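For reference, the structure discussed in these notes is given below.
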Number of protein chains: 2
Amino acid sequence: MRLSKKMRQSRLVQSFQENPFLTDEEVAKQCQVSIQTIRLDRMELGIPEMRERLKHMAEKSFDEVRSLSPEEVIGEVVSLELDQSGVSVLEISEDHVFERNQIARGHYLFAQANSLAVAIVNADLVLTRSAAIRFVRPVKLGEKCIAHAKVVQKQPSRFQVDVETKVLDDMVFQGVFDVYRATN
Amino acid sequence: MRLSKKMRQSRLVQSFQENPFLTDEEVAKQCQVSIQTIRLDRMELGIPEMRERLKHMAEKSFDEVRSLSPEEVIGEVVSLELDQSGVSVLEISEDHVFERNQIARGHYLFAQANSLAVAIVNADLVLTRSAAIRFVRPVKLGEKCIAHAKVVQKQPSRFQVDVETKVLDDMVFQGVFDVYRATN
DNA sequence: ACTAATTTAGTACTTGGTACTAGAATGTGG
DNA sequence: CCACATTCTAGTACCAAGTACTAAATTAGT
């Protein structure tokens, strides 16, 4: 036996958790068992098939986008008007701060802004070419960062996206992103 | 004719925009045309099939901020001469890339560089004030990014740190960080 | 009326599955 | 060691929602 059933199943749960895009075939290969075994496992564990998982996620994010009223949304949600503007909210948790002083590491604010700048552009493969950013003031544990992004220049495959992140009415981060639609 | 082609197509674009979960069959029924017509329309308009649409949405929401939690240290610092220079290595793993195309998300490269720029400065509390960065070329899954940082300007409480990240001899990222020693 | 554009029909094939049956391999208890 | 149970594998038929392609029918425009 390669791995006990229980072992495999708990590994499986985790795998799907951290990458819901996996097909049974891929997991089967990873676990060195047949595809049927994986399917039996999914049945037992009540894990739906990949397409259902994705559909579920899509639904979730879709609903969220629909019902976005900035003050009630907590977490990592984004509202998007493709090629125009978007909003994302990030609440600073333990994971985001320097232990020593409870101040958010800059790259989390950057990540929020960068993700948003990329998400806003309506194309398959969008990458950041360059950015100029400013951390206006430190952000502390527990603060809720609301990033507003706006496309300010649109060329066939290049976009300039400005992002401003605020905590309440306090500007904390400012960035100008030059993103492009890549051909891959 | 029920509706002109153009009419139908623009209606179609809107339909899919406001409900990406629609199948061709459903839309065909709505428009009173055959399923093939809808498919031709999708081809012409470059609208992907339903499953792809959902996958795409799932990816966007998934990519969002999950990215932000796991690692305490981004990249491994392999050498450090305080207030002078440092090197850190980051190997791009599954966790760092867009599922779709295996290209690293920009904010990981940024995080590596930012962490290094902050680590290099010999003080208790160091924060980034601003940065100008350039993603020179996309980085793919499995590539090992080596970031070299150098302090190029030193004032009592302000430092300018230049970071260059390479894969082998290939420059992939460049950044100028303005960091400061905070009093807190 | 004739040609071009548009629409429909139909076939073969693909992905990532479900549902089900049956046999093989491996354990485990007596 | 045998018997039975658990676990795993294999294989078939089928489905949804497509792609890719060919060909015919319909409609529009002039």
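Small disclaimer: the values here were computed from a predicted structure and weren't measured. Both backbone and side-chain heavy atoms feed into the values below; hydrogens, waters and symmetry mates do not. Note on naming: letters A, B, ... go to the chains in the order of the sequence lines (proteins, then strands), and numbering restarts at 1 for each one.
- Here D/dT7 presents its C1' atom at 15 Å from CG of A/Leu12, a figure rounded to the nearest Å.
- The interatomic distance linking B/Lys55 (NZ) with D/dA16 (C1') rounds to 17 Å, in whole Å.
- The interatomic distance linking A/Glu26 (CD) with C/dT15 (P) rounds to 13 Å, in whole Å.
- One interatomic measurement links the two molecules: NZ of B/Lys6 to P of D/dA28, which rounds to 16 Å at whole-angstrom precision.
- Put simply, CD1 on A/Ile38 is 18 Å from C1' on C/dA19, counting in whole angstrom units.
- With D/dA10, D/dT19, C/dT8 as the choices, the nucleotide that has an atom nearest any side-chain atom of B/Arg42 turns out to be D/dT19.
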Dump the pairs, protein N or O against N or O of nucleotides 20-23 of chain D, anything under 3.5 Å, distances to one decimal.
none

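- The stretch residues 120-177 of chain B participates, sequence neighbours left out, in these ring pair (Phe, Tyr, Trp, His ring centres under 6.0 Å) pairs: B/Phe110-B/Phe177, B/Phe135-B/Phe173.
- Geometrically, A/Arg158 does not engage A/Tyr180 in a cation-pi contact, judged by NZ or CZ lying under 6.0 Å from the ring centre and within 45° of the ring axis.
- Counting only heavy atoms from C-beta outward, the side chains of A/Arg8 and A/Thr37 approach each other to under 4.5 Å.
- OP1 or OP2 of C/dT7 lies within a sub-4.0 Å distance of a side-chain N or O belonging to B/Arg8.
- If B/Glu44 and A/Leu22 are placed on DNA chain C by their nearest nucleotide, the residue sitting closer to the 5' end is B/Glu44.
- Counting only residues at least two apart or in different chains, salt bridge (Lys or Arg N to Asp or Glu O under 4.0 Å) contacts with residues 159-170 of chain B comprise B/Arg137-B/Asp170.
- For B/Lys5 and C/dT8, the NZ to C1' distance is 14 Å, given to the nearest whole Å.
- Taking every heavy atom of both residues into account, B/Val163 and B/Ala147 meet most closely at CG1-CB, 4.1 Å.
- Across the interface with DNA chain D, nearest-nucleotide mapping of A/Thr37 and B/Glu25 shows A/Thr37 to be the residue nearer the 5′ end.
- Between the CG atom of A/Asp41 and the P atom of C/dT18 there is a distance of 12 Å, given to the nearest Å.
- Looking at heavy-atom distances under 4.0 Å, B/Ile35 makes no contact with the nucleic acid at all.
- Across all their heavy atoms, A/Met57 and B/Ala58 have their closest contact at CE-CB, 3.6 Å.
- For the segment residues 47-54 of chain B, residues with any heavy atom less than 4.0 angstrom from an atom of DNA chain C are, sorted by number, B/Arg51.
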Distance-only criterion, 3.5 Å: show the donor-acceptor pairs between side-chain atoms of residues 43-55 of chain B and protein atoms not counting sequence neighbours.
unit_1, atom_1, unit_2, atom_2, d
B/Glu44, OE1, B/Lys5, NZ, 3.4
B/Glu44, OE1, B/Gln9, NE2, 3.3
B/Glu44, OE2, B/Lys5, NZ, 2.9
B/Arg53, NE, B/Pro20, O, 3.0
B/Arg53, NH1, B/Pro48, O, 2.8
B/Arg53, NH2, B/Pro20, O, 3.2
B/Arg53, NH2, B/Leu22, O, 2.6

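- The distance from atom CG of B/Leu40 to atom P of C/dA5 is 15 Å, rounded to the nearest whole Å.
- Residue pairs satisfying the ring pair (Phe, Tyr, Trp, His ring centres under 6.0 Å) criterion with at least one member in residues 112-134 of chain B, sequence neighbours excluded, are absent.
- A donor-acceptor pair shorter than 3.5 Å cannot be found between the side chains of A/Thr165 and A/Gln174.
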